[in-house]
Amino acid sequence: MKRVLFVCVENSNRSQMAEAFAHIYGGDGVEALSAGSKPSGVINPKAIRFMGELGYDLTAHASKSLDDITGDFDAVITMGCGDNCPWVPAKRREDWGLPDPKHMDDAGYRAVRDDIASRVKTLLTEL
């Protein structure tokens, strides 16, 4: 089983959607987690709504701190949080540099969501 961690600052939008797509595309072959360097403590209602459009229920997720994450990972993916994302042991590290969609209109938010879906699918085929 591959372990993948997705990290952004608040763990309420991008990393939550990436974790969801890893569950969708990776199934039982992937242990997907997400966390934030400064978690907001809530999942953005837009993330819940736009993942719901695809049949995924993000209300089962929780905004978590990197302090709660342990172990090594096959891949750690940061979402453009720069110095706000501390080092986590991993065989593979990538920064996707995605814009934070929390203040975007619906079309912009969906575009970021769909970009994340595509990147997660590619990542899982490469692991």
Side-chain angles (χ1 to χ4, degrees):
M1 177 179 293
K2 300 294 183 182
R3 288 188 89 214
V4 182
L5 174 65
F6 299 97
V7 182
C8 65
V9 177
E10 294 183 347
N11 190 225
S12 64
N13 290 286
R14 296 165 291 178
S15 57
Q16 289 288 342
M17 291 188 288
E19 177 187 350
F21 284 119
H23 290 301
I24 292 167
Y25 299 136
D28 294 337
V30 175
E31 180 185 1
L33 302 166
S34 67
S37 54
K38 295 178 185 171
S40 67
V42 297
I43 308 301
N44 187 310
K46 282 185 172 182
I48 293 168
R49 179 165 49 110
F50 292 123
M51 289 305 294
E53 289 179 350
L54 303 177
Y56 190 92
D57 182 8
L58 261 185
T59 62
H61 286 219
S63 177
K64 302 169 289 304
S65 171
L66 274 170
D67 295 336
D68 300 329
I69 303 297
T70 60
D72 293 335
F73 291 87
D74 293 287
V76 172
I77 308 299
T78 55
M79 306 281 163
C81 50
D83 293 338
N84 290 317
C85 287
W87 179 260
V88 176
K91 295 175 186 170
R92 176 179 178 161
R93 297 184 59 82
E94 289 181 28
D95 181 63
W96 288 351
L98 297 164
D100 188 344
K102 72 179 174 181
H103 297 299
M104 292 181 177
D105 63 15
D106 289 359
Y109 204 103
R110 283 187 186 100
V112 172
R113 176 200 65 190
D114 295 347
D115 187 13
I116 292 169
S118 176
R119 289 172 187 248
V120 168
K121 192 179 280 187
T122 298
L123 172 70
L124 294 178
T125 62
E126 294 174 352
L127 287 181

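Hydrogens, waters and symmetry mates are skipped; everything else that's a heavy atom, side chains included, is used. Numbering of residues begins at 1 and proceeds along the displayed sequence.
At a threshold of 4.5 Å between non-hydrogen side-chain atoms, the residues Val112 and Phe50 do not count as touching. No side-chain heavy atom of Glu31 sits less than 4.5 Å from a side-chain heavy atom of Phe73. Looking at Ser63 and Val42, their side chains never come closer than 4.5 Å, going by heavy atoms from C-beta outward. At a threshold of 4.5 Å between non-hydrogen side-chain atoms, the residues Glu53 and Arg110 count as touching. Side-chain contact check for Ile43 versus Met51: every heavy-atom pair is 4.5 Å or farther apart. Phe6 has its side chain within reach of Val120: a pair of non-hydrogen atoms, C-beta onward, lies under 4.5 Å apart. Side-chain contact check for Asp100 versus Arg14: some heavy-atom pair is nearer than 4.5 Å.
The residue from Lys91, Arg92, Arg93 that alone fulfils the salt bridge (charged side-chain N to carboxylate O under 4.0 Å, His left out) condition with Asp74 is Lys91.
In this pair, His61 and His23 present their aromatic rings perpendicular. The plane angle is above 60°, beyond the 30 to 60° band.
Put simply, OG1 on Thr70 and CG on Leu33 are 9.0 Å apart, with the number rounded to the nearest 0.5 Å. For the atom pair SG of Cys8 and NZ of Lys102, the computed distance is 9.5 Å after rounding to the nearest 0.5 Å. With values rounded to the nearest 0.5 angstrom, Ile69 atom CD1 is found 7.5 Å from Ser34 atom OG. To the nearest 0.5 Å, the span separating CG on Asp105 from NE2 on His103 amounts to 13.0 Å. Distance check: Ile48 CD1 to Thr59 OG1 gives 6.0 Å after rounding to the nearest 0.5 Å. With rounding to the nearest 0.5 angstrom, the CE atom of Met17 is 8.5 Å from the CG atom of Leu98.
Judged by distance alone, the side chain of Lys46 and the main-chain N or O of Asn13 form no donor-acceptor pair under 3.5 Å. Here the side chain of Ser118 pairs no donor or acceptor atom with the backbone of Asp115 at under 3.5 angstrom. Remark: side-chain polar atoms of Glu19 are not paired, donor with acceptor, to backbone N or O of Val4 under 3.5 angstrom.
Under a hydrophobic-cluster definition in which Ile, Leu, Val, Met, Phe, Trp and Tyr are linked whenever side-chain heavy atoms come within less than 4.5 Å, directly or via other members, Leu127 and Met79 are assigned to the same cluster. Hydrophobic clustering (ILVMFWY, side-chain heavy atoms < 4.5 Å, transitive): Tyr109 and Leu54 are in one cluster.
Smallest separation of non-hydrogen atoms from Leu58 and Ala20: CD2-CB, 4.2 Å. Scanning both residues, Arg113 and Phe21, for their nearest heavy atoms gives O-CE1, 3.5 Å. Closest heavy-atom contact between Ala117 and Tyr25: O-CE1, 3.5 Å. Closest approach of Gly26 and Leu124 over heavy atoms only: N-CD1, 3.6 Å.
A donor atom on one side chain and an acceptor atom on the other are not found under 3.5 Å apart for Ser12 and Asn44.
Within a 6.0 Å sphere centred on CG of Asp68, other residues, nucleotides and ligands contribute more than 12 heavy atoms. No more than 12 heavy atoms of other residues, nucleotides or ligands shown are found within 6.0 angstrom of NZ on Lys121.
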